[in-house]
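As the structure lists them, so they are numbered: ligands from 1, and atoms in each ligand from 1.
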Amino acid sequence: MDKLSIEGGIPLNGEVAISGAKNAVLPILAASLLLDAPLTVKNVPHLHDVTTMVNLLSHIGATVHLSDRADVIIDPRTIKNLVAPYELVKTMRASIVVLGPLLARYGRATVSLPGGCAIGSRPVDIHLKGLQAMGATIDVEGGNIVAHALNGLVGTHFVCELVTVTGTANLMMAATLARGTTVIKNAAREPEVVDLANCLNKMGAKISGMGTPTITIEGVTNLSGGEHQVISDRIEAGTFLVAAAVTGGKIKVKRVDVDALDVVIAKLQEAGMLIELHQDAITIDATGRRPLPVDIKTAPHPGFPTDMQAQFMVVNCLSSGVGTMIETIFENRFMHVPELQRMGADIRIEGHTAVCHGVEHLMGAPVMATDLRASASLVLAGLAAEGKTLIDRIYHIDRGYECLEEKFGMLGARIQRVR
Ligand code: UD1
């Protein structure tokens with residue numbers, strides 16, 4: 001199994017271009033199932049999760065091509081098998097986003113029930129309740145969600161009990177082909193949901209209110225094909241910004257949506273970093289600076305993203321004081337803590353709160369990646385630490401970071417993949 005070997009302690013310097021957003025591209029690829037003609041998706045990151053979604057779409061019968069410019073073209077006209085099997089869903093929970101489109105377009109679907117995952121139980125009850133409110137019948141048989149809407153879905157008013165990102169995506173996609181108008185309240189406001197809505201509107205959907213807590217979807221009878229360019233990955237961008245902060249470097253992060261990073265930028269400034277904003281780039285200068293501690297509480301967008309919590313913990317671990325981090329979205333998202341402790345971090349967990357006492361240096365150590373963003377935090381800690389860090393189980397990183405070691409290598413990091 002591949003590992004990442006990092007010789008830390010080098011301030012990172014240079015420029016890095018950010019790839020397309022994982023959490024935007026996955027539902028957008030699934031949205032092709034709603035269409036009557038091919039969808040061309042541009043700025044697709046080369047990630048394991050994208051491969052899994054492409055395999056799932058192929059399994060369903062869609063024809064998937066890669067153009068010579070690395071655009072992904074999905075032709076839904078060959079669909080014949082309305083099933084998302086366990087083998088694919090278990091490796092990627094986001095596979096659940098094929099449920100809404102299949103049900104809306106073909107009147108039935110069988111999607112394996114995603115199990116728990118490392119960061120918590122993550123149920124899909126809100127996805128199912130929303131589809132039922134649109135008239136679907138849903139049974140769980142043999143670990144599968146078996147959904148029917150043979151006479152089509154109907155528009156409804158639905159309030160999400162909790163803000164759910166893929167739940168909002170699933171219901172919004174389903175509603176595009178429902179009869180009548182659907183209103184989703186307490187909807188996710190994440191930029192990735194907005195990107196999906198923009199893509200669907202280009203194909204003829206009538207969605208408004210995306211980016212606000214109330215999304216309105218006027219159903220249409222059919223959606224055409226077309227082309228869409230995926231937004232850039234704000235979590236990847238945030239990870240590189242933190243890399244500069246924890247190594248005392250200076251990095252220009254290019255091809256970013258600056259607005260989508262508001263809260264992350266504010267926290268980096270609070271940590272004492274010099275930030276310069278450009279039209280679609282951000283420069284962070286941490287030269288000669290030790291981070292100040294910051295208090296963080298994760299929340300749905302526009303709050304502090306849970307997907308940046310682990311990375312920011314490294315900032316607090318190296319800070320000149322005590323920073324408190326409260327995780328409100330997932331029940332078990334501190335699995336990076338014991339690994340960071342192996343590297344000399346001083347962190348105490350109290351329920352959903354991690355209290356980090358800053359230390360002057362982290363020390364390289366063999367550590368284990370446990371989930372995608374936890375793995376990113378170990379890479380950051382390894383880049384900042386003195387000596388060698390060996391990160392095992394890096395397949396988690398490959399799920400969500402494109403060319404991670406190449407990009408860090410170009411910034412001067414000594415990082416390599418080893419067996
Ligand atoms: C998405 C992101 C993930 C991010 C997360 C929170 C994708 C592919 N993944 O995951 O990177 O960490 O948002 O920003 O976009 N919940 C329920 N019932 C449901 C649905 C969710 O109880 O039916 C709970 C979850 O267990 C969790 C919370 O709601 O505690 C938020 O989860 P959700 O927003 O659905 O996360 P994902 O969409 O799976």
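Residue Arg93 places no N or O, backbone or side chain, under 3.5 Å from any N or O of ligand 1. Backbone and side-chain nitrogen or oxygen atoms of Lys22 are examined, and none is located within less than 3.5 angstrom of a nitrogen or oxygen of ligand 1. Considering backbone and side-chain atoms together, Asp307 places an N or O closer than 3.5 Å to an N or O of ligand 1. Not a single N or O atom of Phe330, backbone or side chain, sits closer than 3.5 Å to an N or O atom of ligand 1.
Counting heavy atoms closer than 4.0 Å to ligand 1, residue Asp125 contributes atoms from both its backbone and its side chain. Contact annotation: for Arg373 versus ligand 1, there are no heavy atoms closer than 4.0 Å. For Thr306, every heavy-atom contact with ligand 1 shorter than 4.0 Å involves the side chain, none the backbone. Contact annotation: for Val163 versus ligand 1, heavy atoms closer than 4.0 Å belong to the backbone alone. Counting heavy atoms under 4.0 Å from ligand 1, residue Pro123 touches it through both backbone and side chain. At a heavy-atom cutoff of 4.0 Å, ligand 1 is contacted by both the backbone and the side chain of His127.
In the vicinity of Ala94, heavy-atom distances shorter than 4.0 Å reach the ligand 1 atoms 8 (C). Close approach to Arg333 involves these atoms of ligand 1, each under 4.0 Å from a residue heavy atom: 12 (O). Interface atoms of ligand 1 facing Leu162, defined by a heavy-atom separation under 4.0 Å, are 17 (C), 22 (O), 24 (C), 29 (O).
Of the candidates Ile391, Asp392, Thr389, Lys3 forms a side-chain contact (heavy atoms from CB on, under 4.5 Å) with just one, namely Asp392.
Counting non-hydrogen atoms of other residues, nucleotides and ligands closer than 6.0 Å to NE2 of His357 gives a total above 12.
Taking the six-membered ring where the residue is Trp, Phe312 and Phe304 present perpendicular rings, their angle passing 60° and hence far from 30°.
Ranked by closest heavy atom to atom 23 (O) of ligand 1, the top entry among Val97, Asp49, Ile126 is Ile126.
Taking 4.0 Å as the cut-off between side-chain N and carboxylate O, Glu161 and Lys129 count as a salt-bridged pair.
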| query | Should Ile215 and Thr168 be marked as a side-chain contact (heavy atoms from CB on, under 4.5 Å) after you check the CA-CA gap, both sets of side-chain angles, and the distance that decides it? | reply | CA-CA 9 Å; Ile215 301 179; Thr168 302; 3.8 Å; yes
| field | CA sep, side-chain torsions, deciding dist, call: Glu192, Arg234, salt bridge (Lys or Arg N to Asp or Glu O under 4.0 Å) | value | CA-CA 10 Å; Glu192 294 77 17; Arg234 65 197 164 101; 2.8 Å; yes
| task | Go through the steps to decide whether Lys407 and Glu405 satisfy the test salt bridge (Lys or Arg N to Asp or Glu O under 4.0 Å), and finish with yes or no. | result | CA-CA 5 Å; Lys407 288 189 181 185; Glu405 63 267 34; over 6 Å; no
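At least one side-chain heavy atom of Lys250 sits less than 4.5 Å from a side-chain heavy atom of Thr283. The side-chain heavy atoms of Leu390 and Val367, taken from C-beta on, include no pair separated by under 4.5 Å.
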